[in-house]
Amino acid sequence: MTAHLDDATLTHRLAVGTSEILKGIRGVGLLQALNLGDAGDDLAQNWIARVLAQHRPDDGFLSEEAADNPDRLNKDRVWIIDPLDGTKEFATGRQDWAVHIALVENHKPIHAAVGLPDIGVNFFSDEARAVLGPKSGKIIVSRNRAPKVADYVAEHTGSEITTYGSAGAKAMRVLLGDADAYIHAGGQYEWDSAAPVGVAQAAGLHCSRLDGSELTYNNADPYLPDVLICRPDMADEILQLCATFKEEHGSY
């Protein structure tokens, strides 16, 4: 009989185990580029799905790397996973990729983990604490899809724009105090932000949509186009700037 693991322990072990699998795949150097990225996605997804089928067979499941099962909408508890967030970064030897594990209950992350395997760090919602010392003067955005609203916010707050890969890696830069805010607009899905938001909220950071509305998970349509993760003392200012920008430009 399999020993029962509480939700926090299971979340921890899923993040650590997935990180080790991905480091192992890349570390032996037998695959490169697209083949490496595809292998990482497939093997990590398969392992996580098997673990959850054994330990939480009654919970729902939503993952970037699996077909969506609408039955999750009838469940109060759903695991929202991105086994490898930043496949391109992983496949090209960069460090800014991540593992996302989140358990959502009644549309809110209750346990979450973000693993940054290349730097050997895992962030857990039951342990994380945000670094809220002096402001860094930086706003972090996607390397591939930097939103115009972020430039507007940076200009009006005297901040510098910096770019990074995975959504989880960017969110953890805010948690560590290396950036004051992570601003994203232009398209994401629930698996991109469920785990980062779960960790960031538990650590004391502000998390919302760019219009200030609440982030919810396990919706029928998992598309979630924008997100703000920032220091709580900057949230009101940034949200007001986002509102002004949208009024002037019609979108973010």
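Once rounded to the nearest 0.5 Å, the distance linking CZ of F124 with NE2 of H12 reads 5.0 Å. In this structure, the separation between CD1 on I229 and CG on D180 is 13.5 Å, given to the nearest 0.5 Å. Separating the CH2 atom in W191 from the CD1 atom in I80 is a distance of 9.5 Å, to the nearest 0.5 Å. If you take OH on Y217 and OG on S193, they are separated by 3.0 Å, rounding to the nearest 0.5 Å. For the atom pair CG of D7 and CG of L103, the computed distance is 5.0 Å after rounding to the nearest 0.5 Å. With values rounded to the nearest 0.5 angstrom, R231 atom CZ is found 6.0 Å from K135 atom NZ.
Residues Y223 and L62 share a single hydrophobic cluster, defined by chaining ILVMFWY side chains whose heavy atoms lie under 4.5 Å apart. In this structure, Y189 is not a member of the same hydrophobic cluster as V99, with clusters built from ILVMFWY side-chain heavy atoms closer than 4.5 Å. Residues L10 and F123 fall into different hydrophobic clusters, defined by Ile, Leu, Val, Met, Phe, Trp and Tyr side chains chained together at heavy-atom separations under 4.5 Å.
Using modelled atom types, one finds a donor on one side chain and an acceptor on the other under 3.5 Å when comparing E190 with N219. There is no side-chain donor-acceptor pair under 3.5 Å between H249 and S251.
You'll find the side chain of F61 stays beyond 4.5 Å of the side chain of N69, heavy atoms only. Looking at heavy atoms from C-beta onward, N46 lies in side-chain contact with R50 at the 4.5 angstrom threshold. By the 4.5 Å heavy-atom criterion applied to side chains, D82 and D192 are counted as neighbours. Between R72 and N218, the closest side-chain pair of non-hydrogen atoms falls below 4.5 Å. With a 4.5 Å cut-off on side-chain heavy atoms, I48 and I101 count as touching. Side-chain contact check for S63 versus Q45: some heavy-atom pair is nearer than 4.5 Å.
Salt bridge D211/R209: absent, no basic N to carboxylate O contact under 4.0 Å. Here R77 pairs with D59 in a salt bridge; the nearest charged N to carboxylate O distance falls below 4.0 Å.
Sorted by first and then second residue, the side chain to side chain donor-acceptor pair (under 3.5 Å) pairs involving residues 101-117 (not counting sequence neighbours) are K108-E214. Among pairs with a residue in residues 156-165, those fulfilling side chain to side chain donor-acceptor pair (under 3.5 Å) read T157-S159, at least two apart in sequence or across chains.
Just one of R173, R143, K170, K88 meets the salt bridge (Lys or Arg N to Asp or Glu O under 4.0 Å) condition when paired with D96; it is R143. Here the options are L215, L205, V114, the test is side chain to side chain contact (heavy atoms under 4.5 Å, CB included), and the partner is V197; only L215 passes. Of the candidates T87, D85, T92, D118, D118 is the only one forming a side-chain hydrogen bond (donor to acceptor under 3.5 Å, both in side chains) with W97.
Side-chain atoms of H100 come within 3.5 Å of backbone N or O of G168 as a donor-acceptor pair.
Within a 6.0 Å sphere centred on NZ of K138, heavy atoms belonging to other residues, nucleotides or ligands number 12 at most.
Cluster partners of L228 are I139, V141, V149, Y152, V153, I161, I183, L210, M234, I238, L239, L241, F245, Y252, counting Ile, Leu, Val, Met, Phe, Trp and Tyr whose side-chain heavy atoms approach within less than 4.5 Å, directly or via other members.
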